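Read through the structure below, which is laid out as C-alpha cells, and then see the notes.
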Amino acid sequence: MSAFDWNSFLQQWSQAILQSMTEEQLSQLPPDVIESQWLGYPGATEPQLAQVEAKLRRPLPPSYREFLKV
C-alpha cells in the first residue's frame with residue numbers, strides 16, 4: 001500500500017480555503033500565512049511523536065503519524 005501524500009493534500013486544502021476567503025477574512029490573518037499559503041501549524045517532530053507513542057505504549061498508525069509530521 002502506498003503512503004498518502006499529506007503534505008500535498010494539506011497544501012492544496014490551505015490554498016483552496018484561502019482562495020475562497022473574502023478580503024475582510026484575509027485581512028484578519030497574519031501576513032506570513034497569506035505569503036506562505038499555509039493555514040497549518042508546524043508538524044510534530046520525531047522526539048514529540050516518540051514521546052506520544054511511549055505514553056500510549058504503542059505506535060501510532062503510519063498514516064496518522066505522517067499527518068502529524070506535516
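Heavy atoms only: backbone and side chains are in, while hydrogens, waters and symmetry mates are out. Being a predicted model, the structure only gives us computed values, none of them experimental. Counting begins at 1 with the first residue of the sequence.
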Gln37 (side chain) donor-acceptor with Gln15 (main chain) under 3.5 angstrom = no

What about Leu18 and Phe9, same hydrophobic cluster or not, with Ile/Leu/Val/Met/Phe/Trp/Tyr joined at side-chain heavy-atom distances under 4.5 Å?
-> no

Output for pair (Asn7 CG, Lys69 NZ), nearest 0.5 Å, gives 11.5 Å

To the nearest 0.5 Å, how far apart are CD in Glu35 and CG in Leu29?
-> 13.5 Å

Where does the angle between the aromatic ring planes of Tyr64 and Phe67 fall among parallel (under 30°), tilted (30 to 60°) and perpendicular (over 60°)?
-> parallel

Atom CD of Gln51: over 12 foreign heavy atoms under 6.0 Å = no

Spell out, yes or no, whether Ile17 and Leu26 are grouped together once hydrophobic residues are joined by side-chain heavy atoms under 4.5 Å, including indirect joins.
-> yes

Are the side chains of Val52 and Leu68 in touch, meaning some heavy atoms are under 4.5 Å apart?
-> no

Cluster overlap Trp13 with Val70, hydrophobic side-chain contacts below 4.5 Å = no

Give the minimum heavy-atom separation between Gly40 and Ser14, together with the two atoms involved.
-> N-OG, 4.3 Å

In terms of heavy-atom contacts, Met21 and Gln25 come closest through CA-OE1, 3.2 Å

Hydrophobic cluster identity match, Tyr41 and Val33, side-chain contacts under 4.5 Å = no

